[in-house]
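So you know, we letter chains A, B, ... as the sequences are listed, proteins then strands, and number each from 1. None of the values given here were measured: they were computed from a predicted structure.
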Number of protein chains: 2
Amino acid sequence: MADSKEFIYPEKWLSKASTGDRVASELRMRIISGKIESGTILSENKLAADFSVSRSPVRDALKVLASENIIRLERMGAVVIGLTEKEINEIYDVRLLIETFVFERLAKLDTHELVKELNKIMEMMKIAIKYEDADEFSYQDILFHETIIRSIQHSYVLMIWSNLKPVMESFILLSMRTRFKEKYEDLARIITNHELYIQAIGTKDRALMIKSLHQNFDDVQGKVDDLWMSQQMLSKGVEQEHE
Amino acid sequence: MADSKEFIYPEKWLSKASTGDRVASELRMRIISGKIESGTILSENKLAADFSVSRSPVRDALKVLASENIIRLERMGAVVIGLTEKEINEIYDVRLLIETFVFERLAKLDTHELVKELNKIMEMMKIAIKYEDADEFSYQDILFHETIIRSIQHSYVLMIWSNLKPVMESFILLSMRTRFKEKYEDLARIITNHELYIQAIGTKDRALMIKSLHQNFDDVQGKVDDLWMSQQMLSKGVEQEHE
DNA sequence: CCAAGTATACTTGTATACAAGTATACCCTT
DNA sequence: AAGGGTATACTTGTATACAAGTATACTTGG
């Protein structure tokens, strides 16, 4: 899978991944970042040639991306859907839905171990900030939420998360990379929000949980939108003057 | 894909399906019905031989079933998970989650067309009962809920439904087939519940909606359990005397 | 008889080949 | 010149071939 274009998905996250997974991850990033524009028609043969692999892993990748709702498989070619503001809002609807569900379950469980685990992740996130490692920060951020969701051991809620995760991951990865460069001060607030979330879980304070959840979302959503749009503009070849 | 064993998934639902889809549908039915026991290890080669197809469609099928959480892909072979009572409860958790979400959205929309559409489906269901067509009844039942979910045009909620649907479909299909034979009187109550549901949507009466939803679930869940277990027992080779 | 190492018979993942179907473009006829 | 039909260059879906890795079983040495 050697290729001329540089890859934007972290190599280190693909240590044990199959070629199909690699193609899927990279395509996903290119679609979500806007490098591949919404509406584009992807051909299995063309992609196989681009990535220097056979059609088999490409087919696998397209199936995966279709199940994530960022492309649509049609008779002739796969049509790129991408992430518009509408889709981003929808994703957060679903996250809100499952995370509140998870919280209700957690209220009935012993959350001691979970809180400990989450605190560990927080430490990791802080170190990632210190060393300006946007990818690592994103990884831990995703892991944070996944840890919470896994803790209730609900296979079908976990299934929803698994379907959402790759898109979330790409989205967060891209926005964090931008923030680490342009809005470094945002990160402190993200940390604070997560700490509120942990506190809510520890004390089983529903009101606090809802608050931190919304704050988290508003933060990510509202503030990110600008970064987001600017990044998509950027990728569409609109050159920015200010060096 | 000619085979000695008879298929339990309705042929007519596969009119335009690929071989991979056919294999997936049939395997799903066999797993959920208990014909293939939980814990069984499936091999791509063996399945390909069983269904008289190549490995390609079998691979596709296994990937689909894995995404539905009824098998688990491992290093050597795919392990059948199946549907225990735990999974069934979890599925209904998720249905409750998304259907209540959908209802909240519907409260803000004009539901006139939707109600009309749902009434049409109800008529179909009644006719299916009249002609004792369990498969058609199941089809319309699934369609009923899918129509409601589709109506709010939320692609990511629809995605959740799409992931859940095949398993739901198989489950409902199996339990309806049993009911049409053994508990024919249940069907009238199902109709009543659905009519309540339509009424709730028409009047946007949340309390009524919750009530009919729960009634529907309690009905399907509580009462079906016996049928269910008996059916699974049956398939495990426990021969019943009473002809 | 037991242990260790090798050989074998599996497994999955990727590549390639082939068949069937579809849209496009070109050519021929009117 | 315009319309219809055919040819072609695509597309996807399935089958087969091959490579790399893993568990099991057997054999061989102690």
Q: Nearest whole angstrom, please: distance from the P of dT11(D) to the CD of Glu74(A).
A: 14 Å

Q: If I take atom CD in residue Glu44(B) and atom P in nucleotide dT14(C), what distance separates them, rounded to the nearest angstrom?
A: 12 Å

Q: Taking all atoms of both residues into account, what is the closest heavy-atom pair of Ile32(A) and Ser170(A), and its distance?
A: CD1-CB, 3.5 Å

Q: Mapping Asp60(A) and Asn45(B) to their closest nucleotides on DNA chain C, which lands nearer the 5' end?
A: Asn45(B)

Q: Where does the angle between the aromatic ring planes of Phe51(A) and Phe7(A) fall among parallel (under 30°), tilted (30 to 60°) and perpendicular (over 60°)?
A: tilted

Q: In whole Å, what is the span from the CG atom of Asp21(A) to the C1' atom of dT12(C)?
A: 13 Å

Q: Please report, rounded to the nearest Å, how far the P atom of dT12(D) is from the CD1 atom of Ile41(A).
A: 10 Å

Q: Please work out whether the ring planes of His194(B) and His145(B) are parallel, tilted or perpendicular, with thresholds of 30° and 60°.
A: perpendicular

Q: Classify the ring geometry of Trp13(B) against Tyr139(B): parallel below 30°, tilted from 30° to 60°, perpendicular beyond 60°.
A: tilted

Q: So do Met159(B) and Leu164(A) actually touch side chain to side chain, heavy atoms under 4.5 Å?
A: yes

Q: For dT11(D), does OP1 or OP2 lie under 4.0 Å from any side-chain N or O of Ser43(A)?
A: yes

Q: Send over the distance from Phe51(A) CZ to dG13(C) P, rounded to a whole Å.
A: 19 Å

Q: In whole angstroms, how far is the P atom of dG13(D) from the CZ atom of Arg59(B)?
A: 16 Å

Q: Run the side chain to side chain contact (heavy atoms under 4.5 Å, CB included) test on Val157(B) and Asp93(A) for me, step by step, so that the C-alpha distance in whole Å, both residues' side-chain angles and the decisive distance to 0.1 Å come before the verdict.
A: CA-CA 9 Å; Val157(B) 165; Asp93(A) 284 339; 5.8 Å; no

Q: How would you summarise protein contacts on nucleotides 15-24 of chain C per nucleotide, using B for base, S for sugar-phosphate only and - for none, with heavy-atom distances below 4.0 Å?
A: BBB-------

